[in-house]
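Structure first, then comments.
Within every chain, numbering begins at 1; the chains are lettered A, B, ... in the order of the sequence lines, protein sequences first and strands thereafter. No experiment lies behind these values; they were computed from the predicted model shown.
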There are 2 protein chains.
Amino acid sequence: MDSAPPAPPSSPSPWLPFESRRRARDEKREAVLRAAVQLFLEQGYHRATLNEVADRLNITKPALYNYFRGKDEILFECWSMGAELVDGVITEINAGGGSGLAKLRKLVHAYATLMATDFGASLVRFDLRDLAERNAGVARAAKRRIDATFRRYITAGIADGSIRPCDPKLAAFAIAGSLNWIGHWYRREGKLSPTAIADEFTVRLTDGLAAEVRLQMTKKTPRAPQGRNSGRKATGKKRTGGETG
Amino acid sequence: MDSAPPAPPSSPSPWLPFESRRRARDEKREAVLRAAVQLFLEQGYHRATLNEVADRLNITKPALYNYFRGKDEILFECWSMGAELVDGVITEINAGGGSGLAKLRKLVHAYATLMATDFGASLVRFDLRDLAERNAGVARAAKRRIDATFRRYITAGIADGSIRPCDPKLAAFAIAGSLNWIGHWYRREGKLSPTAIADEFTVRLTDGLAAEVRLQMTKKTPRAPQGRNSGRKATGKKRTGGETG
DNA sequence: ACGATATGTTACCCACGGGTAAGAAAAAGT
DNA sequence: ACTTTTTCTTACCCGTGGGTAACATATCGT
């Protein structure tokens, strides 16, 4: 709809139409997911109806069944999109080098950023009990992998001396808890930009574990030692649309 | 049902029967809430039916309407129970003295402990959008109060020097996120006792903020410098029933 | 003992929303 | 131009579960 295809003037190859047709289908499928995840997040899975999803796409409910077997499968696919994003992040970090602490910091930063996206938030805001048993199993496995990664980086950090000895399990719980919660309070319209949040959380969640001196400056120099932070206005007082709970 | 009344042999006063009758009613009301909160947590609000709630109490669905106006009101009352617990904790801490950091630590500890209870968990596992608008407003207000308390303690701590300068808002988000998440992963059958969790989180979530040296010992002395920790077996490897996500 | 009230039961209603059947409309293939 | 396949619509089904009405029964005050 919004992104016009590259418009191949007239495809001579009989393959291209086939490919483009498959692409069109995949694009529609994804459009459904985008509309669905948005609505599910807005209203909650059970309050959102397939009719509403369809309405947003200017189609009717049964048309959705050309792309998905049912509501719960749509939910699962939304969830999967988020999981794939995380998996991508993890394999990328694994590919690179660095101490356990460095890897943990990368993961925290990327994960925090993801939590500010629709598909990322769906990872923590959707209830796996709404999935068919088969899909729920897949999702649980993915969660375990993510959890294991947190713990592995921490364990590695302890081994290589970059992280002070601690219980990796509880440390992972604490860190992941803070991060997951972002998915619940973050609002696009709020004052905090995703990168600002990610920068801050990277420091706050890991400097308590670091073996060496703290990253953060003790004086009033605002914050975020890393680079890139978009336009933000320091510690504004007004409502930003979300509480801790 | 399970707790026989004190059995006043024959109450001469006409007041007592009245009182005892009201008590009986309140007890039943609370029994409904206990059954409901348990079921709502187990299955999720939407999947749980009033018939199931009634079944667990050996009554029938319409009987519930003697005590509540509807399903959403039951949900709200469950939520309120949790909120009252937190409010109690807060007023108690406010009554006592101590630095901002000390108060924050007390709050973290108590809040973490609460998250391991049914009514406490309901604070973070129920969706306020399921409430009638009026009740949702009350709940939002309560959440704001709790959030404000976290920030107030942090701000006070910065002012009195017990906490290093930082953004109280983000610090509160980070801490509350970790704590709230407990309500999602804690399992009664797991190996981690509520007090063990609370002890650990109290240290881990606040020592990054403390102005003075860390509480936690750097060496391998297991953990939990505070007193009381129930029977626990160190860092067991096996599944404890819950991942970070 | 007796009427009033509170409490509970059986039987029912019905809105809601996921899912399906049958066929129109649009595209693709030939 | 024709058939075939894909895509989408209209019309419908129906299980589910919150909520209600009418009636039964226990409880209490007097």
Side-chain angles (χ1 to χ4, degrees), chain A residues 1 5 8 10-32 35-36 39-40 43-77 129-132 135, chain B residues 1 5 7-8 10-32 35-36 39-40 43-77 130-132 135:
Chain A
M1 279 295 174
S10 62
S11 39
S13 162
W15 300 56
L16 270 197
F18 172 79
E19 265 305 312
S20 82
R21 200 169 140 194
R22 208 177 63 88
R23 263 210 6 164
R25 188 182 165 83
D26 286 357
E27 270 168 23
K28 285 183 188 170
R29 226 184 106 98
E30 236 189 86
V32 172
L39 218 135
F40 290 169
Q43 319 210 351
Y45 176 68
H46 287 97
R47 273 173 302 279
T49 72
L50 290 185
N51 273 321
E52 288 174 279
V53 175
D55 276 353
R56 292 209 179 177
L57 298 163
N58 299 316
I59 56 176
T60 57
K61 178 177 60 172
L64 297 174
Y65 284 79
N66 279 317
Y67 305 99
F68 302 94
R69 296 168 105 67
K71 195 187 185 188
D72 64 310
E73 190 182 291
I74 296 181
L75 184 72
F76 174 69
E77 296 291 346
R129 290 171 296 192
D130 287 320
L131 269 41
N135 288 337
Chain B
M1 278 294 173
S10 61
S11 40
S13 162
W15 300 53
L16 270 196
F18 172 79
E19 265 304 314
S20 82
R21 201 169 139 192
R22 208 177 62 88
R23 263 212 6 167
R25 186 181 167 83
D26 286 357
E27 271 169 22
K28 286 183 186 171
R29 226 184 107 99
E30 237 189 86
V32 172
L39 219 135
F40 290 170
Q43 320 210 351
Y45 176 68
H46 287 97
R47 273 173 302 278
T49 72
L50 290 185
N51 272 323
E52 288 175 278
V53 175
D55 276 353
R56 292 209 179 177
L57 298 162
N58 299 317
I59 57 178
T60 58
K61 177 177 61 173
L64 297 174
Y65 284 79
N66 279 317
Y67 305 99
F68 302 95
R69 295 171 103 71
K71 197 187 184 188
D72 65 311
E73 190 181 291
I74 296 180
L75 184 72
F76 174 68
E77 296 290 346
D130 288 318
L131 269 43
N135 288 337

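- Nearest approach of B/V53 to B/V32, heavy atoms of both residues: CG1-O, 4.4 Å.
- Between the side chains of A/D130 and A/H46, at least one donor-acceptor pair of N or O atoms lies under 3.5 Å.
- A straight line from NZ of A/K28 to C1' of C/dA27 spans 10 Å, rounded to a whole angstrom.
- With contacts defined as side-chain heavy-atom distances shorter than 4.5 Å, the pair A/L39/A/T49 does not qualify.
- Using a 4.0 Å heavy-atom cutoff across all strands shown, A/Y67 reaches sugar-phosphate atoms only and no base atom.
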Write out a two-atom table: protein N or O, nucleotide N or O from nucleotides 4-6 of chain C, distance below 3.5 Å.
residue: C/dA6; atom: O4'; partner: B/R21; partner atom: NH2; Å: 3.1

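- The distance from atom CZ of A/R29 to atom C1' of D/dT6 is 16 Å, rounded to the nearest whole Å.
- In this structure, A/A54 and A/T60 approach most closely via the heavy-atom pair CB-C, 3.5 Å.
- Taking each heavy atom of A/G70 and A/Y65 in turn, the nearest pair found is CA-CE2, 4.0 Å.
- Atoms CD1 (A/I74) and C1' (C/dG17) sit 13 Å apart, rounded to a whole Å.
- Between the CZ atom of A/F68 and the P atom of D/dC8 there is a distance of 12 Å, rounded to whole Å.
- A/A54 comes within 4.0 angstrom of nothing in the nucleic acid, heavy atoms only.
- A distance of 9.0 Å separates CG of B/L75 from CG of B/N135, quoted to the nearest 0.5 Å.
- In this model, the phosphate group of C/dG19 is approached by a side-chain N or O of A/Y65 to a distance below 4.0 Å at OP1 or OP2.
- Shortest non-hydrogen contact noted between A/Q43 and A/R47 is O-NE, 2.6 Å.
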N/O-N/O pairs, protein side and nucleotides 10-12 of chain D side, under 3.5 Å:
none

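- The residue among A/R69 and A/R47 whose nearest nucleotide of DNA chain C is located toward the 5' end is A/R47.
- Ranking C/dG8, C/dG18, D/dT7 by closeness to the A/T49 side chain, first place goes to C/dG18.
- Geometrically, B/K71 engages B/Y45 in a cation-pi contact, judged by NZ or CZ lying under 6.0 Å from the ring centre and within 45° of the ring axis.
- Residue A/E27 contributes atom CD, which lies 13 Å from atom P of D/dT7 at whole-angstrom precision.
- Atom-to-atom, OH of A/Y45 to C1' of C/dG17 comes out at 11 Å; the value is rounded to the nearest Å.
- Remark: P of C/dG18 and NE2 of A/H46 are 10 Å apart, rounded to the nearest angstrom.
- Side-chain N or O atoms of B/R29 include none that pairs as donor or acceptor with a backbone N or O of B/R25 at under 3.5 Å.
- No side-chain donor-acceptor contact under 3.5 Å links A/K61 to the backbone of A/E52.
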Write down the protein N/O and nucleotide N/O pairs, taken from nucleotides 22-25 of chain D, whose separation is under 3.5 Å; answer none if there are no such pairs.
none

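- Here the nucleotide nearest the side chain of B/A63, chosen from D/dG18, C/dG8, D/dT9, is C/dG8.
- Look at CG on A/L64: it is 13 Å from P on C/dT20, rounded to the nearest Å.
- Side-chain proximity of A/N66 to D/dC8, C/dG19, D/dG18: nearest is D/dC8.
- Closest approach of A/K28 to A/Y67, counting heavy atoms only: CD-OH, 3.2 Å.
- More than 12 heavy-atom neighbours from other residues, nucleotides or ligands sit within 6.0 angstrom of CZ on A/R129.
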